[in-house]
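Input: a single structure, listed below in structure tokens.
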Amino acid sequence: DGGITQSPKYLFRKEGQNVTLSCEQNLNHDAMYWYRQDPGQGLRLIYYSQIVNDFQKGDIAEGYSVSREKKESFPLTVTSAQKNPTAFYLCASRTTGHLGQPQHFGDGTRLSIL
Amino acid sequence: AQSVTQLDSQVPVFEEAPVELRCNYSSSVSVYLFWYVQYPNQGLQLLLKYLSGSTLVKGINGFEAEFNKSQTSFHLRKPSVHISDTAEYFCAVTFTGFQKLVFGTGTRLLVSP
């Protein structure tokens with residue numbers, strides 16, 4: 001079945017440590033997205049990519065980095081510069097060409113501070 | 001500025017009762033509208049979408065929504081809810097000319113027996 005796989009499901013970060021969240025899709029979608037979800041705040045866009053080797057900052061990109069070397073993969077690195085990384089992180093993808101195409105979501109990674 | 005508002009953070013309802021979850025948006029351009037559902041510790045699943053045409057849109061699990069352009073609203077309804085509908089519901093809007101999807105803050109639907 002086609003879908004989006006996020007790993008790991010749970011992740012713990014030590015102070016001063018960078019961690020990388022994986023997102024892989026086999027839907028053949030061009031566009032991929034990373035969101036951060038905090039209670040009562042909905043989803044906030046961190047980074048997005050509409051094509052391989054290109055990505056743009058979203059609304060809360062500070063302390064995060066991404067790469068898009070392959071169409072299927074869009075890993076997110078939470079750097080030590082992100083002072084409040086505890087949250088639920090969601091990856092999404094969609095086909096491009098029409099803004100009405102919906103985004104499809106993975107099952108998320110929950111990141112906590114040790 | 002473009003924005004999406006879900007005024008109700010939580011909606012309690014009894015099983016088999018009807019429910020309406022409200023969503024309003026602010027925009028000076030055309031929009032595409034979506035409702036997503038999120039069960040605990042899972043991602044978001046698309047319930048329904050409005051792109052154009054008939055303003056009444058039917059989705060999965062018996063949900064429907066009505067687009068009202070004059071009131072800039074896209075309220076979600078279900079005539080009879082089940083315990084299994086307990087989840088968080090997000091309204092989301094794509095504004096013409098912008099590549100981003102803007103989410104409301106979510107409404108937690110709590111269905112009790």
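What you see is a predicted model, and the numbers here were worked out from it, not measured in a lab. Each chain gets a letter, A, B and so on, in the order its sequence line appears, and its residues count up from 1.
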For this session: Pick one of side chain, backbone, both or neither for Gln38(B), based on which atoms fall under 4.5 Å of a heavy atom in chain A.
Result: side chain

Exercise. Side-chain heavy atoms under 4.5 angstrom apart, residues restricted to Ile, Leu, Val, Met, Phe, Trp, Tyr: same cluster for Val102(B) and Leu7(B)?
Worked result: no

For this session: Verify the cluster assignment for Leu44(B) and Leu111(A): are they in a single hydrophobic cluster under the rule of side-chain heavy atoms below 4.5 Å apart?
Result: no

For this session: Would you check if Pro102(A) and Tyr32(B) make a side-chain contact, meaning some heavy-atom pair closer than 4.5 Å?
Result: no

Exercise. Would you find more than 12 non-hydrogen atoms of other residues, nucleotides or ligands less than 6.0 Å from Gln10(B) atom CD?
Worked result: yes

Problem set entry | Spacing of Phe103(B) atom CZ and Tyr35(A) atom OH [to the nearest 0.5 Å] | 4.5 Å

Exercise. Between Leu46(B) and chain A, which part of the residue has a heavy atom less than 4.5 Å away: side chain, backbone, both or neither?
Worked result: side chain

Exercise. Roughly how far apart are Gln45(B) CD and Phe105(A) CZ, rounded to 0.5 Å?
Worked result: 12.0 Å

Problem set entry | ILVMFWY cluster, Leu114(A) and Val78(A) together (side-chain gap under 4.5 Å) | no

Problem set entry | From Thr105(B) atom OG1 to Leu43(A) atom CG, the distance as rounded to the nearest 0.5 Å | 11.0 Å

Exercise. More than 12 foreign heavy atoms under 6.0 Å from CD1 of Ile51(A): is that the case here?
Worked result: no

For this session: Consider only side-chain heavy atoms of I, L, V, M, F, W and Y, link residues closer than 4.5 Å, and tell whether Tyr33(A) and Leu90(A) are in one cluster.
Result: yes

Exercise. Using a cut-off of under 4.5 Å for heavy-atom pairs, which of His104(A), Gln41(A), Gln50(A), Arg44(A) has the most such pairs with chain B?
Worked result: Gln50(A)

For this session: Please determine, among Gly58(A), Gly42(A), Cys91(A), the option with the most heavy-atom pairs under 4.5 Å with chain B.
Result: Gly42(A)

For this session: Locate the shortest heavy-atom distance separating Gln42(B) from Phe88(A); write the atom from each residue and the value.
Result: O-CE2, 3.6 Å

Exercise. Cluster question for you: counting only ILVMFWY and a side-chain heavy-atom cut-off of under 4.5 Å, with indirect links fine, are Leu21(A) and Tyr10(A) together?
Worked result: no

Exercise. Can you tell me how far the CD atom of Gln101(A) sits from the CG atom of Leu51(B), to the nearest 0.5 Å?
Worked result: 8.0 Å

Exercise. With a 4.5 angstrom heavy-atom cut-off, which part of Gln6(A) approaches chain B: side chain, backbone, both or neither?
Worked result: neither

Problem set entry | Side chain / backbone / both / neither for Tyr36(B) at chain A, heavy atoms under 4.5 Å | side chain

Problem set entry | Region of Thr94(B) that comes under 4.5 Å of a non-hydrogen atom in chain A | side chain

Exercise. At their closest point, which heavy atom of Asn41(B) faces which heavy atom of Lys9(A), and how far apart are they?
Worked result: O-NZ, 3.3 Å

For this session: Taking the side chain as every heavy atom from C-beta outward, state whether Lys100(B) and Asp59(A) have any pair of such atoms under 4.5 Å apart.
Result: yes

